[in-house]
Amino acid sequence: MQRKPMAITETVEQAGAPGSGATSRRRAGQALTWLGIAPFLIFALLFLILPTLQLMVGALQDAQGHFTLNNIARLFTDDILGAYWISFKVSFVSAAGGALIGLLLALAAIQGGLPGWIRPTLMTFSGVASNFAGVPLAFAFLATLGRIGLLTALLRQYLDFDLYGTGFSILSFTGLTLTYLYFQIPLMVLIVAPAIDGMKAEWREACESLGGGTWYFWWHVALPILFPSILGSALLLFANAFGAVATAYALTGSSLNIVPILLFAQIRGDVLHDQNLGYALALGMIVVTGLSNAGYIWLRSRAERGVA
Amino acid sequence: MAFLDIKQISKRFGTHTVVHDIDISIERGEFVTFLGPSGCGKTTVLRMIAGFEAPTTGAIHVGGHDITQQSPQKRGIGIVFQNYALFPNLNVEQNIGFGLKVRKLPRHDIAAKVAEVMKLVELTGKEAHYPHELSGGQRQRVALARALVVEPKILLLDEPLSALDARIRKNLREQIRDIQRRLQLTTVFVTHDQEEALTLSDRIYVMNQGRVEQHGSAEEIYTRPETEFVARFMGNYNLLKAAEAHQLLGMHIDGHMAIRPESIHVLATGSHELGTFEGVIRRHQLLGGVIRYQVESRGVQLLVDRLNRNAADLMPVGTSVRLQIHGDDMRVVR
Amino acid sequence: MKRTTSRIGAWVAIIVGSAYFLLPLAATFLFSLKMRRDALSFDAYKVVLTDPQFQATFSYSTLMAVLTIVTGILLVVPTAYWIQLKLPRLRGLVEFITLLPLVIPAIVIVFGYLKMYNSSALLPLTAHERSTDLLLVASYVTLSLPYLYRSIDTGLRAVDVRGLTEAAQSLGAGWGEILLRVIFPNVKSAILSGAFLTFAVVIGEFTMASLLNRPAFGPYLQLIGANRAYEPSALAIIAFLVTWASMGLIQVFAHNGRAKPKTA
């Protein structure tokens, strides 16, 4: 009883526990304190944790409920591996591109010496654009770069350039990546802006006073400092793209074979007809997004330590 | 039994004991101060009275009822915090009326009581202001009014003046004392400032390391410290170790000898009264109405205060003086 | 000179970036006006806005969004408050849980629902329409947890939670009154920005609604996209305006929050 940590001792007063040290009342107080976050924990269990765990368990069971690794093994077929590979490529390219372009935009707005109104405008717009995903985004790109899209038409009419003649299609890997960039870039701007803000003007001044030029400063000071933030943000973008369904589905229907769409079709009962394989697909997605998020958290904590 | 009776309370956080078996009793209408350095446990005792912390052992009685197990909501004890803790979303009037609204009083009763207490703390006219629009002193008066308006059985003041600057602090502390007398309100005041404690309190509990070192009237605490800690904390006492006391005065004592600087008399040189001794001024310091000399005598350094009446009073460094200390101004402390 | 070149580079980046973001919007808008063969018109909007399906699905999604926001706030504010006040050592755990929806893709979460709450399960929530609505709201609350929790937790940190709670307690307020009269009003702007963000995310959400088979705006959008030519563009513009309005309102409320500093 003497060894109760502070937070628990504090709780006791709420339960109206006695001063003369009745342990049972004290325990009651502790229980009451936990009750305060019980609704949240129950909600998280019911609607987040248990459903996910059920899938994970399902991935390791056969239709009769016996343990098996067969579902996992069946992921390694050409069809499914191909889907993971395309998903990986789309996510990777849109994350890398989004991170690079987003970083440049954020740098330009924050450190580029531009008029003051640029930055808040960019941030607000990024807030909108990063949330403007899903079905409407697909429509916008179809209207722009689709076969009868406005840009496609303009290019043909004025520059005599047949975009689709080059093999381009908005329904392809390139088209999907281009579309994903629309929310990836602003997301990057939003995530990386605080890190750029954390760069002190004194660092640059110190570097210059010691004879270092602009390139020297970026290569030896700024990039090493920003690197964990940039890489971490890119991992977050990767996970973001990897789990996205709506944009791809509205854009390409089921014609592009990426994992979320495969899973979507599987749940809809269009293909596969095998629940447990579906669970294994889901498990694979969690592993991929989980790893990249873990990387993000690890890198972010390193970045915070570096700046502090 | 006293109005507020604290019996043998202690408080442990984990393995760390911050309050050791303290007894405190406070009469109705008394203004009592818990005085001590930060970390001495005074605020913890106050928070136990308010009900924010539960004592590990012991009991608290108010008006003969055991309130140890009561929740803070039901105790009817008002508290004013150092950082005001005003509700930022409410204006002055709403802040003060909060406790009355919780008690579901009719609206016009609330308005009347709020107006009355606002007059008491001299805030009339600030009803519609929000906390961030007020000065520190005004905020603290809102906090005071908010605690007073619900007519608490006991008012607790947790270093209410510490965040204010010196002039406002003096002003507000007189106001607090004035209101307390007028309302005959049982008040517990927590501070680390001995001057504040001395000017405000009927009685003082001097606390150190979770224990009460000494309690008594301001006069008693200041002139008759019982322990070395109290003597050090209350002022610029000369504290002589046993060996120094022997060297200077030829007395054998246990513990320390405490002598207030203003009780050491400086005699005209040449006088050879019994019990006087010789010294040389090593340094002096002007403290407004008082000049503080550092005098070396028989290898012992003493602080001696003299009134600063006119410029001719200042004795230069190196002057030889004769000093005299009356027997009842020498206190042996633990 | 160096400064000038870097400023030109910055301008180029911003202009190219703006072009990339504005071009599809402009193109979509123009496209949406082309329904009539001979002239630009708002016909596509007229068709869309008068479509009873549009009205029904949009109202349904709005209702779901509102329910999501109310549930989310009632769940998150007391939790974040309690964590700050009483259980700071559980902060890490709760934050981790609120970030999980960023790790677990929405499609996986809803797949989990379908497995856990199917009609033969212990809790067959998918068996009835109303209880499926409940499930949809729960899924949206889950999706919005990362934004909502972060926003409200940050708001609470700017307030002296402990001091205000103790002051209210000593004045006789119970937990309900403290939450309602002290905590909620003081994190109002944080709650509102979280709420609008949630609205923007939920209103056109597709995956959850589609797989739970509910008549929401997202699946309607998808259906129109698969079958019509000009209406999807009009819908995209409408959706963009809704997102823009939500974000704009966040700015407004965030600004109000700053104009009235919470220092007292």
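Within every chain, numbering begins at 1; the chains are lettered A, B, ... in the order of the sequence lines, protein sequences first and strands thereafter.
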| said: Quick check: A:W34 with C:W82 (ring centres under 6.0 Å apart)? | reply: no
| Considering all heavy atoms, the nearest A:M285-C:P105 contact | CE-CG, 3.8 Å
| said: Need one label for A:V135: side chain, backbone, both or neither, based on atoms under 4.5 Å from any heavy atom in chain C. | reply: side chain
| task | Sort C:V108 into side chain, backbone, both or neither according to what part of it lies under 4.5 angstrom from a heavy atom of chain A. | result | both
| task | Show the numbers, then the answer: is there a side-chain contact (heavy atoms from CB on, under 4.5 Å) between C:Y117 and A:F47? | result | CA-CA 10 Å; C:Y117 300 112; A:F47 298 112; 3.9 Å; yes
| query | Considering all heavy atoms of both residues, which atom of A:R147 and which atom of A:T152 are nearest to each other, and what is their separation? | reply | O-CG2, 3.9 Å
| field | Which portion of C:I238 sits near chain A, non-hydrogen atoms under 4.5 angstrom | value | neither
| request: Give a yes or no on whether the backbone of C:Q84 and the side-chain of C:R91 come within a donor-acceptor separation of less than 3.5 Å. | output: no
| query | So, C:T57 side chain and C:F54 main chain: donor-acceptor pair closer than 3.5 Å or not? | reply | yes
| Most contacts with chain C, counted as non-hydrogen pairs under 4.5 angstrom, among A:F141, A:F242, A:Y296 | A:F141
| request: Could you tell me which of C:L114, C:I109, C:I97, C:V12 has the largest number of non-hydrogen atom pairs under 4.5 Å with chain A? | output: C:I97
| Does the side chain of C:Y140 pick up a donor-acceptor pair with the side chain of C:E205 at under 3.5 Å? | yes
| Top contributor to chain A interface from C:P78, C:G225, C:A200 [non-hydrogen pairs under 4.5 Å] | C:G225
| Where is the tightest heavy-atom contact between A:P51 and C:M116, given as atom of each residue plus distance? | N-SD, 3.6 Å
| Is it the side chain or the backbone of A:L50 that comes within 4.5 Å of chain C heavy atoms, both, or neither? | both
| field | chain A contact via C:I237 - side chain, backbone, both or neither, heavy atoms under 4.5 Å | value | neither
| field | Interface residue of largest heavy-atom contact number with chain C, from A:G243, A:G58, A:A140, A:A282, under 4.5 Å | value | A:A140
| Residue part contacting chain A, namely of C:Y81, when any heavy atom lies under 4.5 Å | neither
| request: Specify the closest pair of heavy atoms between A:N276 and A:Q61, including all atoms of both residues, with the distance to one decimal. | output: ND2-O, 2.9 Å
| When heavy-atom pairs shorter than 4.5 Å are enumerated against chain A, which of C:V242, C:L123, C:T243, C:I107 gives the highest number? | C:I107
| Heavy-atom proximity to chain C below 4.5 Å, by part of A:Y279 | both
| note | chain C shares the most heavy-atom pairs under 4.5 Å, among A:G102, A:A153, A:A239, A:P186, with A:P186
| field | C:A27 to A:A143 - nearest heavy-atom pair and separation | value | CB-O, 4.4 Å
| note | In terms of heavy-atom pairs under 4.5 Å with chain A, the winner among C:V141, C:I224, C:V110, C:L235 is C:V141
| query | Checking A:L263 against chain C: side chain, backbone, both or neither under 4.5 Å from a heavy atom? | reply | both
| field | Among the listed options A:I185, A:L145, A:L154, the residue most often paired with chain C at heavy-atom distances under 4.5 Å | value | A:I185
| task | Give, as side chain, backbone, both or neither, the part of C:I203 having an atom under 4.5 angstrom from any heavy atom of chain A. | result | neither
| request: Measure A:L283 against the heavy atoms of chain C and call it side chain, backbone, both or neither at under 4.5 Å. | output: neither
| task | Could you tell me which portion of A:L181 (side chain, backbone, both or neither) has an atom closer than 4.5 angstrom to a non-hydrogen atom of chain C? | result | both
| query | Between C:S139 and C:Y113, is any side-chain donor less than 3.5 angstrom from a side-chain acceptor? | reply | no
| query | Just how far is it from atom OG of C:S18 to atom CD1 of A:I118, taken to the nearest 0.5 Å? | reply | 7.0 Å
| Shortest non-hydrogen contact between C:S233 and C:S32, atoms and distance | CB-CB, 3.6 Å
| task | For chain A, find which of C:L90, C:V76, C:L23, C:I83 contributes the most heavy-atom pairs closer than 4.5 angstrom. | result | C:L90
| said: Evaluate A:Y249 against C:F206 for side-chain contact (heavy atoms from CB on, under 4.5 Å), listing each step before the verdict. | reply: CA-CA 10 Å; A:Y249 188 72; C:F206 170 73; 3.4 Å; yes
| task | Would you please test C:F111 and C:L211 for side-chain contact (heavy atoms from CB on, under 4.5 Å) and show each step? | result | CA-CA 8 Å; C:F111 195 16; C:L211 289 176; over 6 Å; no
| Looking at C:P24, C:A239, C:G17, C:A13, which makes the most heavy-atom pairs under 4.5 Å with chain A? | C:P24
| field | Nearest-0.5 Å distance that lies between atom OG in A:S292 and atom CG in A:L237 | value | 10.0 Å
| note | When the 4.5 angstrom heavy-atom criterion is applied to C:L145 and chain A, the contacting part is side chain
| query | When heavy-atom pairs shorter than 4.5 Å are enumerated against chain C, which of A:T52, A:N131, A:L178 gives the highest number? | reply | A:N131
| request: Please flag which part of A:F125 lies under 4.5 Å from any non-hydrogen atom of chain C: side chain, backbone, both or neither. | output: both
| message | Quick check for you: to the nearest 0.5 Å, what is the distance between A:S233 atom OG and A:N240 atom CG? | response | 12.0 Å
| request: Against chain C, label A:P120 side chain, backbone, both or neither, depending on which of its atoms sit under 4.5 Å from a heavy atom there. | output: neither
| field | A:F132-A:F183 aromatic ring centre distance below 6.0 Å | value | no
| Intermediate values then yes/no, side-chain contact (heavy atoms from CB on, under 4.5 Å), C:T79 and C:I152 | CA-CA 10 Å; C:T79 304; C:I152 287 167; over 6 Å; no
| query | Can you pull out the residues in residues 36-45 of chain A with any heavy atom less than 4.5 Å from chain C? | reply | A:G36, A:I37, A:P39, A:F40, A:L41, A:F43, A:A44
| message | Heavy-atom pairs under 4.5 Å with chain C - which of A:I49, A:L114, A:T124 has more of them than the others? | response | A:L114
